Protein chains: 2
Amino acid sequence: MAKSGTSSSVVGRDSSRSAGTRTKLIEAAIETLKAEGFAGSSARAIAGRAGVNQGLIFYHFDSVANLLLAALDSVSARRMEHYGAAIDRVGSPSELVDVATAIFREDLDAGYVAVLVEMIAGASSTPGLGPAVSARLGPWFSFAERAVTTTLGPTLDPVLPAGDVAYGIVALYLGLEMLTHLDGDRARALGLFAHAKNLAGLLEALAVPTETRQP
Amino acid sequence: MAKSGTSSSVVGRDSSRSAGTRTKLIEAAIETLKAEGFAGSSARAIAGRAGVNQGLIFYHFDSVANLLLAALDSVSARRMEHYGAAIDRVGSPSELVDVATAIFREDLDAGYVAVLVEMIAGASSTPGLGPAVSARLGPWFSFAERAVTTTLGPTLDPVLPAGDVAYGIVALYLGLEMLTHLDGDRARALGLFAHAKNLAGLLEALAVPTETRQP
DNA sequence: GTCTATACTTGGATAGAC
DNA sequence: GTCTATCCAAGTATAGAC
C-alpha cells in the first residue's frame, strides 16, 4: 500500500533534490504525536510543523494513519538499535537496572515512548490501526525478553517465564511513561528504578553465592 | 464552571421529567471512550450514542472535554466504591492478589480502565485537560497505597515505601490494560497475576514465620 | 430550563496545475 | 514526480424556538 521510493532512483534512500519531504513529514509526525497526542495529530498540524502543504501527506503516505505508522516504525527502529547496543554490555541484574534507568530517562526526554503510547491509545479510534500497531510491538517484547534472559538467565525461568516478565516490563514502561508525561513529575518513576536497583543487588547477594555453572 | 443542577428542584438528583439527559450523556461518553477512544469521542459520536441532539452537550457541560471529565468522575466513583469494599475483606498478600485479579478481570470486561487510559493519553491534545485528569488520579493512587499498606503492612516499608509501590502498581495496571485492549489477548496479563499469586505465597512462607506482633 | 436548527471552523482527501 | 487549490464531511459552538 505505502509507496516505496520517492524517486525513480535505484538506491533505497530518497535522494531526489526535494530534500526529503517524506523524511520531514515523518519527523514532524513524531514531534506532533509527542506534543499534541494522537487526537491532535491531524494532517494540517503535522504538515504545518513540517513546513509543507498538507496534501503531501496523502501523496506520500495515502492517509494520516499510514504516516503515523511510519513515524512509529522510525522511532522503533532507532530505539531498538540503541537498546540492542546497550544490552550487550550488561552482565548483572543491577547493571541491567542501571541501563534500564538510563534508557528510561532518555526515552522520557526524547518522548519516544510517548509516541508508542499515543499510537496504542489512538488505535481505538481508527479502524484497522489496532492490528498494525500491535504488530509493531513485537520488537519491544522480544528486546525486553532478551534483556531478561541474558541477565537473569534460565535461573528463575521455571517460576517466572522470561516472556511473561518481558510482557510485564513493557506494560510497566508504558504506564510509567503515561503517568510521568501527564503530571511532568519524573521523580516518582525514577524513584521506582532506584528501588529496583536495591532489589537487584539483594537478588545478586542471594542467588548463586558459589560459582555453580557448567561450561 | 459546570452547571450543578438540572432543574430548580431542591434534591440533588436530576429529577425533572426529561429522563436525565445529563446521565444519558455521561453513560454514552463512557461507552464512546471505551469503543472509539479519545480521538473518536466527538460531540456527534457521543450524542449519537445517547440518542440526543449534540447541542445538548454544550448546554449541559459547556464543552466536550468537560463531559469527558464528568464521565471519568463517574467511573472513578463507581470503581472506588467497589474497590474499597473488596479491599476490606483482604488479609494476606495472596488474598490481595486474588482480589486484584478479580478486579482486573472486571475492569477489563467493563472497560473502566480503558476510559482512564484514553483520558490520560488524550490529555495531550486538549489544553488544560492534563491537570484536570491528573487531579482525578489521586483516588486511584491512594486506593492502591491503602491496599498495599493494609496487607503488607509496615513490614517492607523501609526498603519499599508503600507510596512508591502504589505508583508502580497503578502504572502497571494502566500498561496492562493498554496492551490487553490492543490485541484482545487477556491471557498474557492474567498470566502475570497468576505468577504474582505464586510470589505472594512464597512471601507469606518467608515472612514472620513466628507470630511476632505487639498488641 | 430544555432542546433544535443553524453558523462557522477544522479535517481528510483529490483533481489538476506546475 | 511534486505540489497547490479546492471540495466536502465532520467538528465545535450558539442563537433562538419551545
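This is a predicted model, so every value here is computed, not measured. In what follows, every chain begins at residue 1, and chains take the letters A, B, ... in the order their sequences are listed.
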Q: May I ask you to evaluate whether His60(B) reaches the phosphate of dC3(C), defined as a side-chain N or O under 4.0 Å from OP1 or OP2?
A: yes
(Q) Need to verify one output field. Residue with the more 5' nearest nucleotide on DNA chain C, Ala43(A) or Leu56(B)? (A) Leu56(B)
(Q) What is the distance, to the nearest angstrom, from the CZ atom on Phe38(B) to the P atom on dG11(D)? (A) 13 Å
Q) Given atom CZ of Phe61(B) and atom P of dA13(D), what is their separation to the nearest angstrom? A) 14 Å
**Q.** Side chains of Thr180(A) and Arg186(A), donor plus acceptor under 3.5 Å
**A.** no
Q.
So, using side chain to side chain donor-acceptor pair (under 3.5 Å) as the criterion, who are the partners of Glu145(B) when residues are at least two apart?
A. none
Show each protein N/O and nucleotides 6-9 of chain D N/O combination with a separation under 3.5 Å, one pair to a line.
none

(Q) Quick check on the helix from dG1(C)-dC18(D) to dC18(C)-dG1(D): what's the angle between its two end axes, five base pairs per end, to the nearest 10°? (A) 0°
Q) Given dA10(D), is OP1 or OP2 found less than 4.0 Å from the side-chain N or O atoms of Ser42(B)? A) no
Q | Any residue meeting ring-ring contact (aromatic ring centres under 6.0 Å, His included) with Tyr112(A), in chain and number order, not counting sequence neighbours | A | none
Q) To the nearest Å, how far apart are Asn53(B) CG and dG11(D) P? A) 14 Å
Q: Report which part of the nucleic acid Val52(A) touches: base, sugar-phosphate, or nothing (heavy-atom distance under 4.0 Å, all strands).
A: nothing
Q) Which residues satisfy the side chain to side chain donor-acceptor pair (under 3.5 Å) test with Ser124(A), sequence neighbours excluded? A) Glu118(B)
Q. Who are the side chain to side chain donor-acceptor pair (under 3.5 Å) partners of His195(A), not counting sequence neighbours?
A. Asp164(B)
Q: Indicate the atoms forming the closest heavy-atom contact of Phe143(B) with Gly84(B), along with that distance.
A: CE1-N, 4.1 Å
Cut-off 3.5 Å, no hydrogens considered: what does the side-chain donor-acceptor table look like for residues 86-93 of chain B, sequence neighbours left out?
from: Asp88(B); atom 1: OD1; to: Arg146(B); atom 2: NH2; distance (Å): 2.9
from: Ser92(B); atom 1: OG; to: Ser94(B); atom 2: OG; distance (Å): 3.4
from: Ser92(B); atom 1: OG; to: Glu95(B); atom 2: N; distance (Å): 3.3

Q: For Phe38(B), enumerate each residue passing the ring-ring contact (aromatic ring centres under 6.0 Å, His included) test, keeping only those at least two apart in sequence or located in another chain.
A: none
Q. Can you check the Asn66(B) CG to dT12(D) P distance for me, whole Å?
A. 13 Å
Q: For Glu36(B) and dG11(D), give me the distance from atom CD to atom P, rounded to whole Å.
A: 10 Å
Q) Closer than 4.0 Å, any side-chain N/O of Tyr59(A) to the OP1 or OP2 of dT2(D)? A) yes
**Q.** Integer-rounded Å distance: dG16(C) P and Phe58(A) CZ
**A.** 18 Å
Q) Of all residues at least two apart in sequence or in a different chain, which pass the side chain to side chain contact (heavy atoms under 4.5 Å, CB included) check with Asp185(A)? A) Asp183(A), Ala187(A), Arg188(A)
(Q) dT2(D), OP1 or OP2 - any side-chain N/O from Thr21(A) closer than 4.0 Å? (A) no
Q. Rounding to a whole Å, what distance do you find between Ile57(A):CD1 and dG12(C):P?
A. 8 Å
